[in-house]
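If you read the sequence from its start, that first residue is 1, and numbering goes on from there.
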Amino acid sequence: MVLSGCAIIVRGQPRGGPPPERQINLSNVRAGALARRAAQSQPDVKDTPDEPWAFQAREFLRKKMIGKEVCFTVEVKTLQGREYGMVYLGKVNTSGENIAESLVAEGLAVVRREGIRGTNQAKAAKRGQWSEGGGAHTIRDLKYSIENPRHFVDSLHQKPVNAIIEHVRDGSVVRALLLPDYYLVTVMLSGVKCPTFKREADGSETPEPFAAEAKFFTESRLLQRDVQIILESCPNQIILGTILHPNGNITELLLKEGFARCVDWSMAVYTQGAEKLRAAERSAKERKVRMWKDYVAPTANLDQKDRQFVAKVMQVVNADAIVVKLNSGEYKTIHLSSIRPPRIEGEKNKDKDKRFRPLYDIPYMFEAREFLRKKLIGKKVNVMVDYIRAATAGAETGPVPAFPERTCATVTIGGINIAEALISKGLATVIRYRQDDDQRSSHYDELLAAEARAIKNGKGLHSKKEVPIHRVADISGETQKAKQFLPFLQRAGRSEAVVEYVFSGSRLKLYMPKETCLITFLLAGIECPRGSRNIPGGIAEPFSEEAMLFTKELVLQREVEVEVESMDKAGNFIGWLHIEGVNLSVALVENSLSKVHFTAERSAYCKTLQSAEETARQRKDKIWANYVEKPPAELAQVSEEKERVANYRAVYVTEITDGLHFYAQDVETGENLENLMETMRAELASHPPVEGAFSAHRGDHCIAKFADGEWYRARVEKVESPAKVHVFYIDYGNREIVSSVRLATLPPSFSTRTLPSQATEYAFAFIQVPQDEDARADAVDCVVRDIQNTQCLLNVEYPGATCPLVTLQFSDSKDDVGLGLVKEGLVMVETRKEKHLQKMVSEKPLQELVELNIWRYGDFRADDAEEFGYSR
């Protein structure tokens with residue numbers, strides 16, 4: 001370094017760290033003093049300007065000596081330790097150029113005593129101080145501060161400015177003299193940060209690891225060198241810039257050698273390509289040099305095949321996660337690196353009386369999910385794992401949730417980074433990390449740039465417009481709403497829908513975009529293996545899981561067409577689902593994952609289903625693996641000889657519905673129910689539930705306090721408000737509307753896993769229930785009077801659409817209850833096609849001869865009978 005026209009600082013060669021410095025003052029010559037800024041602690045003292053020709057003397061030595069090898073001799077050393085001597089260019093002491101004589105010959109210094117040649121030469125040529133005019137024009141107008149740094153930086157329009165680096169504070173902060181206007185500015189390198197020197201309370205400085213090495217690295221390459229600086233930004237009065245040197249970019253070199261790390265907040269303004277900085281930092285990490293000597297990559301424990309792979313997208317979980325299917329058939333959840341999906345801050349916009357549905361209630365969550373669904377579902381994507389986020393345990397107190405281990409990756413399709421596309425639409429934001437957190441996207445800078453564009457253009461979450469509101473009605477299980485909606489769907493023919501969820505192979509939840517509602521949809525015409533959740537005892541039927549996976553892979557989150565034919569008693573719609581010309585019912589049968597149900601006989605797809613079932617039977621695959629085909633003659637004989645099976649068992653009738661269905665308990669398990677109720681009530685008496693603590697949601701199992709003051713097991717069917725909760729008593733079959741204060745959490749030891757629901761729904765076989773409300777009420781009153789809360793004998797005759805159809809006998813007289821209703825003229829006999837049931841039907845009396853109740857006005861079964869509510 002050149003301190004002035006007559007003083008320099010020299011260093012030896014570095015060995016194991018920055019070498020020591022030594023100041024040498026030129027003997028017997030004097031050059032002008034450079035300008036000095038007054039101390040800020042002395043406001044009355046003015047700045048000292050340059051002496052004439054002082055800066056030119058400094059520049060003469062700087063250009064001649066900086067970065068060059070020199071040798072010197074020390075002639076005098078003062079008591080204060082200051083050394084005076086002669087300096088020569090080159091390695092040999094006296095053969096090189098004498099710097100002092102060269103300075104004098106240029107007229108930039110004066111001789112203090114004889115022995116220095118060149119003065120006469122300078123005077124004769126009128127150089128430097130010997131020139132005419134006195135040298136006032138050589139005094140610089142130094143500007144130590146800038147009144148408006150931001151405006152100053154903007155005025156340069158990011159064009160390179162010539163400069164001299166005057167001081168290096170640390171590896172990434174320098175003091176530069178801007179030419180030709182002589183502005184002295186402090187510049188911080190954009191996009192990086194080097195270890196610094198921490199100032200202690202006593203004024204001393206403590207270097208961070210590698211701070212001295214980083215400073216020496218920058219000094220040895222830039223100090224007092226001619227460079228160009230691009231001033232790029234000025235946040236908070238800090239000037240950010242990039243220093244360009246003919247031999248390279250110091251920012252990239254610092255990163256590559258492990259002397260600096262990338263900084264996100266200033267990376268965005270870097271004009272020379274942020275990807276170059278990331279690549280340089282990545283190179284240092286891989287080589288584990290200096291700052292990164294203990295670095296462990298986020299994916300260091302993963303094999304190459306697990307770091308980067310191609311997979312098929314099966315499901316979009318939310319706006320930042322997808323489920324993919326690997327080539328091995330395994331399913332894996334992938335989270336998009338470094339992005340945060342839309343969310344609600346705090347508790348605002350949450351209606352406490354309404355069930356919170358994130359997909360529809362969080363602004364822009366639905367738009368984000370739809371963007372990903374339309375772009376990705378069913379398509380192959382490239383997955384590059386960036387890091388594995390470790391599982392976090394939730395605190396016992398506080399809002400921190402528990403998260404499982406998450407695989408975070410950059411997902412691309414057709415060269416497009418999905419996370420970047422999502423952010424550029426304003427449908428997600430970028431996560432900000434601590435500076436030492438290396439677990440982030442490998443394309444983090446592109447994500448930040450995309451977010452900046454979205455903010456600038458006011459896209460999505462950054463828009464100042466009103467947020468979109470999605471009023472989606474969920475009519476799943478809402479029987480009354482479903483009944484009102486059914487005729488509309490039936491008339492609509494094929495309706496567009498999106499499959500939101502797959503409960504089982506034949507049970508799905510659909511979103512109807514035109515109608516903006518959610519419905520539960522059951523596939524018509526087939527009988528699919530049931531999963532564990534639909535069977536008492538929790539044991540799934542064979543191939544139920546395979547059927548569900550088949551349906552998921554084919555239709556989940558796809559756009560489909562549905563034909564609604566009917567609905568069941570629970571408000572679920574029944575019909576046909578088509579995707580790209582494929583009937584899902586037929587596809588399940590073809591793949592041996594379902595059987596044809598007898599209700600398919602009246603549909604237009606009956607022959608197709610039967611043909612598919614026959615083909616599947618021949619393959620003897622999956623559900624048909626143990627199928628044994630019987631000879632035609634034997635089949636005919638068996639069908640002719642088949643008789644009605646009478647296997648009566650004792651039941652206790654607990655409830656009669658308005659539709660002439662009834663609920664009954666098996667007498668065999670009655671003792672188990674009594675023991676459970678006795679134990680549960682004893683526990684509740686010793687530990688009473690907190691009133692109002694239970695939050696009711698449709699489908700939840702709970703306990704409800706009945707009118708008799710006792711607690712019973714129940715299931716929530718509908719929540720109108722906290723004061724009106726519809727519950728179904730699962731062990732008795734009755735329903736009630738109660739206040740939420742009469743509900744409490746069902747203890748786990750008394751759940752349906754311990755003892756399944758005891759009330760089973762049945763309907764009378766071989767009879768037709770009157771459509772006329774008054775006639776049906778008469779029949780219900782008769783049944784209530786005869787069998788409610790009594791023990792009877794029950795035999796299942798054949799399955800029905802919603803429940804088994806049975807015959808019921810009085811336990812003492814063995815008289816048939818249904819037969820009694822027919823004799824009383826309260827119901828009609830139903831015609832059956834099955835030969836083994838025709839005999840049972842023929843035993844019923846001729847109703848028209850009774851002339852009671854519905855027959856009191858004669859035989860009404862004429863062509864216009866339908867207008868009276870009856871049909872044959």
Is it true that Arg30 and Glu51 have a side-chain N and a carboxylate O under 4.0 angstrom from each other? yes
Nearest heavy-atom approach of Lys256 to Ala284 is O-CB, 3.6 Å
Do Thr186 and Arg175 meet the criterion of a side-chain donor-acceptor pair at a distance under 3.5 Å? yes
Using a strict cut-off of less than 4.0 Å between a Lys/Arg side-chain nitrogen and an Asp/Glu carboxylate oxygen, indicate whether Glu166 and Arg62 qualify as a salt bridge. no
Should Arg22 and Glu83 count as an ion pair when the cut-off is N to O under 4.0 Å? yes
Examine Lys293 relative to Phe210 and say whether NZ or CZ is less than 6.0 Å from the centre of the six-membered ring and inside a 45° cone about the ring axis. no
Test item: Ile413 and Lys375 side chains (from C-beta on) under 4.5 Å apart, heavy atoms: no
Give, for atom CG of Asp141 and atom OH of Tyr182, the distance between the pair rounded to the nearest 0.5 Å. 10.0 Å
Kindly indicate whether the side chain of Leu178, heavy atoms from C-beta on, has any atom under 4.5 Å from the side chain of Phe152. yes
So does Trp53 get a backbone contact from the side chain of Gln129, meaning a donor-acceptor N/O pair under 3.5 Å? no
Cation-pi geometry met for Lys143 and Tyr183 (6.0 Å, 45°): yes
Please report the interatomic distance NZ(Lys459) to CD1(Ile423), rounded to the nearest 0.5 Å. 13.5 Å
Charged N-O contact under 4.0 Å between Lys193 and Asp170: no
Measure the CD1-CZ distance between Ile250 and Arg225 for me, rounded to the nearest 0.5 Å. 10.0 Å
Distance-only polar pair, side chains of Gln272 and Thr242, donor-acceptor under 3.5 Å: no
Min side-chain heavy-atom separation His462-Thr429 under 4.5 Å: yes
From Arg434, Arg432, Arg440, residue fulfilling salt bridge (Lys or Arg N to Asp or Glu O under 4.0 Å) relative to Asp264: Arg440
Of all heavy-atom pairs between Asn249 and Ile243, which one has the smallest distance, and what is that distance? OD1-O, 3.9 Å
Rounded to the nearest 0.5 Å, how far does NE2 of His443 lie from OG1 of Thr410? 5.0 Å
Quick one: does NZ or CZ of Arg221 land under 6.0 Å from the six-membered ring centre of Phe217, within 45 degrees of the ring axis? yes
Indicate the atoms forming the closest heavy-atom contact of Glu466 with Tyr364, along with that distance. O-OH, 4.5 Å
Value for OG (Ser337) from CG (Asp320), rounded to nearest 0.5 Å, stands at 10.0 Å
What one should report as the nearest heavy-atom pair of Cys6 and Val29 is CB-O, 4.4 Å
Test item: Thr251 and Ser190 side chains (from C-beta on) under 4.5 Å apart, heavy atoms: no
Lys/Arg N to Asp/Glu carboxylate O, Arg278 vs Glu446, below 4.0 Å: no
Do the side chains of Leu231 and Gln158 get nearer than 4.5 Å, heavy atoms only? no
Ignoring hydrogens and angles, tell me if any N or O in the side chain of Thr218 forms a donor-acceptor pair with the backbone of Gly171 under 3.5 Å. yes
From Met188 CE over to Ile238 CD1, what is the distance, rounded to the nearest 0.5 angstrom? 5.0 Å
